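Report on one structure; see the data block that follows.
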Amino acid sequence: MSEQQTLIELVEEAPFRFRIPQCGRMRVPGVVFASRALLPEVGDHQALEQVVNVATLPGIVRASYAMPDVHWGYGFPIGGVAATDIAAGGVVSPGGVGFDISCGVRLLAADLDRHALTPVLEAVVDDLDVAIPRGFRHGGVWPVSRGELGGILSGGAAYAVGRGHGVERDLRRCEDLGTVAGADPDLVSDRALERGLRQVGSLGSGNHFLEVQAVAEIYDEPTASVFGLRADQVCVMIHCGSRGLGHQVCGDYVRVMDAAMACYGIDVPDRQLACAPVESRQGRDYLAAMAAATNYARANRQLLTEEARRIFQARTGTHLDLVYDVSHNLATLETHEIDGRTRRLCVHRKGATRALPPRHPDLPDDLAPVGQPTLIPGTMGTASYVLTGVQPGHAFHSTCHGAGRVWSRHAAARTVGGKALRAELEERGIAVRGASWKGLAEEAPAAYKDITAVVAASEGAGLCRKVARLVPIGVVKG
């Protein structure tokens with residue numbers, strides 16, 4: 001353990017809320033939303049050290065926040081939230097977004113109950129297994145030209161829908177109506193474009209998945225009804241991001257900002273926190289390239305939606321309606337009140353989900369009375385949750401994004417066998433199709449925190465409110 005790790009102090013200031021007092025180079029305190037059971041174990045403070053490091057960023061306001069699913073990441077902890085004041089020289093850091101730009105979750109709901117799907121479940125999952133490209137070497141559903149890729153980077157899901165891949169309602173149930181403004185494909189490198197050409201409509205690998213799920217419990221029936229959810233209903237959840245294109249964009253701009261920091265007199269305790277002022281050329285370029293990668297991710301999930309719809313229509317005769325699409329790896333420009341003044345902030349959410357409360361001005365009319373659907377995926381064999389935002393909106397209206405790893409992929413693969421895991425899950429009635437046995441083992445439920453405990457801590461901390469719990473009945477893994 002490093003000297004800095006030994007000096008980290010956690011003060012429990014309220015249930016599910018711990019403070020790391022401001023000291024040394026920290027410009028603000030750290031705040032960790034968690035139960036005691038979910039805090040990093042003694043001697044494993046890497047994630048907390050990263051919370052402290054983020055608190056040193058120029059322009060940071062309020063606190064360096066960590067969600068209940070926090071764990072070690074690149075520069076920022078995964079489950080980290082930080083906002084910088086643009087007018088006060090606030091910075092943007094690619095490490096505060098991560099390599100999988102706009103990785104997120106999309107939930108679809110069928111007009112079908114679980115018992116009605118049972119006779120054809122295996123066939124549906126088999127069809128999805130064949131139709132959904134995943135892994136490192138597989139292509140995408142939609143092979144595109146360079147011109148079409150430019151349209152995707154500029155227009156996101158809206159461009160895909162305009163080309164016949166979806167319906168207009170899909171855009172109303174997607175963050176930013178499916179398209180992030182300000183994207184500039186010219187600021188995406190040739191290498192990133194090359195990687196993106198062959199992956200439009202693909203899951204990728206790691207913790208990405210497409211799950212067939214059933215609504216196991218409703219906690220708030222009026223809100224669930226507005227979202228389009230009811231008990232025993234069949235749903236499809238898609239978890240993926242911007243694939244190789246987003247990864248390349250992040251890597252490209254980490255290098256750009258690492259070289260530029262000295263020009264702005266910026267010194268950070270970890271080179272992985274490379275950053276530049278939001279209003280600098282490097283900051284503006286990164287945000288424009290990040291927006292392009294975000295649009296790619298939105299289009300990616302839109303294409304996978306259409307594949308799932310095609311299979312459900314053929315096997316069950318039912319349509320899949322979009323409940324919502326939300327990202328959990330983004331930096332967004334938002335207006336918040338800080339110390340009694342309205343300020344324009346760059347809000348980094350890395351492994352954290354925006355959770356807008358009822359009547360927030362950014363919500364569409366149909367969701368305004370109840371708040372934003374916030375989608376929290378579990379792991380194979382565990383539940384996923386649908387939440388909504390609440391007031392006052394701690395951490396800039398942010399909440400958790402999933403269970404959070406406790407084992408590395410290498411440790412999970414050493415501990416769990418892929419074939420044995422699949423057999424165990426199928427004994428529980430969950431049809432599992434993986435790209436490889438090793439990939440299944442790496443994503444074993446035991447490798448993650450308890451998703452129910454994470455959601456309970458998030459709700460207990462006042463970050464969100466539970467609406468529904470979903471359980472997997474069919475899993476297609478990357």
Side-chain angles (χ1 to χ4, degrees), residues 14-17 31-34 61-63 65-69 79-83 102 104-107 171-178 180 217-229 322-377 384-402 454-470:
F16 303 107
R17 183 181 176 117
V31 172
V32 182
F33 298 105
V61 297
R62 283 193 186 161
Y65 293 102
M67 299 295 112
D69 50 335
V81 176
S102 190
V105 186
R106 174 172 283 220
L107 183 65
L171 305 179
R172 296 195 298 274
R173 284 299 183 94
C174 186
E175 273 187 309
D176 311 302
L177 301 178
V180 178
E217 192 169 4
I218 297 288
Y219 304 103
D220 178 345
E221 288 197 8
T223 299
S225 179
V226 172
F227 290 174
L229 298 173
L322 181 58
V323 174
Y324 207 65
D325 180 298
V326 64
S327 300
H328 49 235
N329 282 0
L330 279 182
T332 55
L333 305 185
E334 302 173 10
T335 300
H336 293 269
E337 188 173 292
I338 306 293
D339 299 329
R341 290 197 299 118
T342 299
R343 303 193 201 181
R344 192 69 170 156
L345 307 179
C346 179
V347 183
H348 301 75
R349 295 183 180 90
K350 179 182 180 179
T353 312
R354 191 166 69 163
L356 298 180
R359 294 171 292 282
H360 191 281
D362 289 347
L363 288 171
D365 291 344
D366 61 332
L367 296 176
V370 296
Q372 174 205 316
T374 303
L375 311 173
I376 312 300
S384 296
Y385 285 84
V386 179
L387 315 173
T388 191
V390 295
Q391 291 288 11
H394 302 304
F396 311 102
H397 300 303
S398 306
T399 190
C400 61
H401 89 302
V454 168
V455 168
S458 299
E459 189 172 40
L463 301 174
C464 58
R465 180 168 52 83
K466 289 189 298 186
V467 176
R469 179 172 63 90
L470 295 79

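Bear in mind the structure is a predicted one, so any value in this text is a computation, not a measurement.
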Keeping Gln372 on the side-chain end and Gly389 on the backbone end, is there a donor-acceptor pair under 3.5 Å? no

Hits for side chain to side chain contact (heavy atoms under 4.5 Å, CB included) against Arg343, two or more places apart or cross-chain, chain-then-number order -> Val61, Asp85, Ile338, Asp339, Arg341, Leu345

*asked:* Can you confirm whether Cys174 sits close enough to Arg106 that some side-chain heavy atom of one is under 4.5 Å from a side-chain heavy atom of the other?
replied: yes

Residues at least two apart in sequence or cross-chain that pass ring pair (Phe, Tyr, Trp, His ring centres under 6.0 Å) with His394, listed by chain then number, are none

Evaluate side chain to side chain contact (heavy atoms under 4.5 Å, CB included) for Thr332 paired with Arg349, printing each intermediate quantity in order.
CA-CA 8 Å; Thr332 55; Arg349 295 183 180 90; 3.5 Å; yes

side-chain hydrogen bond (donor to acceptor under 3.5 Å, both in side chains) filter on Ser327, not counting sequence neighbours, yields Ser102, Arg298, Arg301

Please check this pair: side chain of Thr374 against backbone of Thr388, looking for a donor-acceptor N/O pair closer than 3.5 Å.
no

- Item | Stepwise side chain to side chain contact (heavy atoms under 4.5 Å, CB included) check, Phe396 with Arg354 | CA-CA 8 Å; Phe396 311 102; Arg354 191 166 69 163; over 6 Å; no

- Should Leu330 and Val180 count as side-chain neighbours, where that means a heavy-atom distance under 4.5 Å? no

| message | Is any side-chain heavy atom of Leu375 closer than 4.5 Å to one of Val386? | response | yes

*Is there side-chain contact between His397 and His336, with at least one heavy-atom pair below 4.5 Å?*
yes

I'd like a table of donor-acceptor pairs (distance under 3.5 Å, sequence neighbours excluded) in which one partner is a side-chain atom from residues 360-368, with atom names and distances.
{"from": "His360", "atom 1": "ND1", "to": "Asp362", "atom 2": "N", "distance (Å)": "3.1"}
{"from": "Asp366", "atom 1": "OD2", "to": "Arg173", "atom 2": "NE", "distance (Å)": "3.1"}
{"from": "Asp366", "atom 1": "OD2", "to": "Arg173", "atom 2": "NH2", "distance (Å)": "3.1"}

For residues 390-402, the salt bridge (Lys or Arg N to Asp or Glu O under 4.0 Å) pairs (sequence neighbours left out) are none

The side-chain hydrogen bond (donor to acceptor under 3.5 Å, both in side chains) partners of Asp69 (sequence neighbours excluded) come to His401

Sorted by chain and number, sequence neighbours left out, salt bridge (charged side-chain N to carboxylate O under 4.0 Å, His left out) with Glu221 holds for none

So side chain to side chain donor-acceptor pair (under 3.5 Å) across residues 461-470, not counting sequence neighbours, yields Glu217-Arg469, Asp220-Arg465

The side chain to side chain contact (heavy atoms under 4.5 Å, CB included) partners of Arg344 (sequence neighbours excluded) come to Ile86, Leu333, Thr335

Worksheet item: Quick one: does Ser458's side chain get under 4.5 Å of Met67's, heavy atoms only?
Response: no

